[in-house]
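Here the structure is laid out as structure tokens; the discussion comes afterwards.
Note that the coordinates shown come from a computational prediction; the quantities given were computed from them, not determined experimentally. Just the heavy atoms: all of them, side chains too, but no hydrogens, waters or symmetry mates, feed the values below. One is the number of the first residue; the rest follow in order along the sequence.
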Amino acid sequence: ELEEETSNLLADQLAGLNGQVRELQDAHDAAVQECTRLRSESTKLRAENKTLSAERDKLVRKKEKLEVKKAELVDKLNISEKARIAARERCIGLLERQQVMDHNHANADLHSERSGGTHRSGATDNSRPASTKVHRGSVAAATTTTTP
């Protein structure tokens, strides 16, 4: 009877150990599957990271080129703006001088009319074409124009 109880006890222990072994084997198999999945995902992520890094480096180089191009364009714009302002100032100066000359010319014509209709050489001054005469509003119009 003692042998039978010992046999039963050993059989129960073996069955329990056998169940634990199955559970451990199942857990091991699941861990191996998870490890394989994680390794695969890690390989995939490394490849994606390599692609993204190459793309980022390409974009950084492109950004640097664009920044250089922008700086060049800003310099050109500044030079162009300075030239535009200088040309505008020259035009305003020319227009003002032309107005002074026209004013002096008009005064001389008025003086000439009062003294008999001749001017300096005795002839009426029609040598200046009408297209070169500047009217008083011209300088104001030139100074109020703006560029887009």
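Residues passing the side chain to side chain contact (heavy atoms under 4.5 Å, CB included) test with T6, sequence neighbours excluded: L2, L10. Annotation: side chain to side chain contact (heavy atoms under 4.5 Å, CB included) contacts of L94 (sequence neighbours excluded): R97. For V68, the side chain to side chain contact (heavy atoms under 4.5 Å, CB included) partners are E72, not counting sequence neighbours. Annotation: salt bridge (Lys or Arg N to Asp or Glu O under 4.0 Å) contacts of K63 (sequence neighbours excluded): E67. In terms of the salt bridge (Lys or Arg N to Asp or Glu O under 4.0 Å) criterion, residue partners of E34 (sequence neighbours excluded) are, by chain and number, R37.
Side-chain N or O atoms of T43 include one that pairs as donor or acceptor with a backbone N or O of R39 at under 3.5 Å. At distances below 3.5 Å, at least one donor-acceptor pair connects side-chain atoms of T51 with backbone N or O atoms of A47. The closest donor-acceptor contact from the side chain of S42 to the backbone of L38 lies at 3.5 Å or more, if one exists at all.
Rounding to the nearest 0.5 Å places CZ of R88 at 11.0 Å from CG of L95. Separating the CZ atom in R84 from the CG atom in L77 is a distance of 10.0 Å, to the nearest 0.5 Å. To the nearest 0.5 Å, the span separating CZ on R61 from NZ on K65 amounts to 7.5 Å. Note: C35 SG to Q33 CD = 11.5 Å, rounded to the nearest 0.5 Å.
Within the structure, salt bridge (Lys or Arg N to Asp or Glu O under 4.0 Å) pairs that include any residue of residues 43-59 do not occur (at least two apart or interchain).
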Return a table of donor-acceptor pairs under 3.5 angstrom between the side chains of residues 13-29 and protein atoms on other chains or two or more places apart.
unit_1: Q25; atom_1: NE2; unit_2: D29; atom_2: OD1; d: 3.1

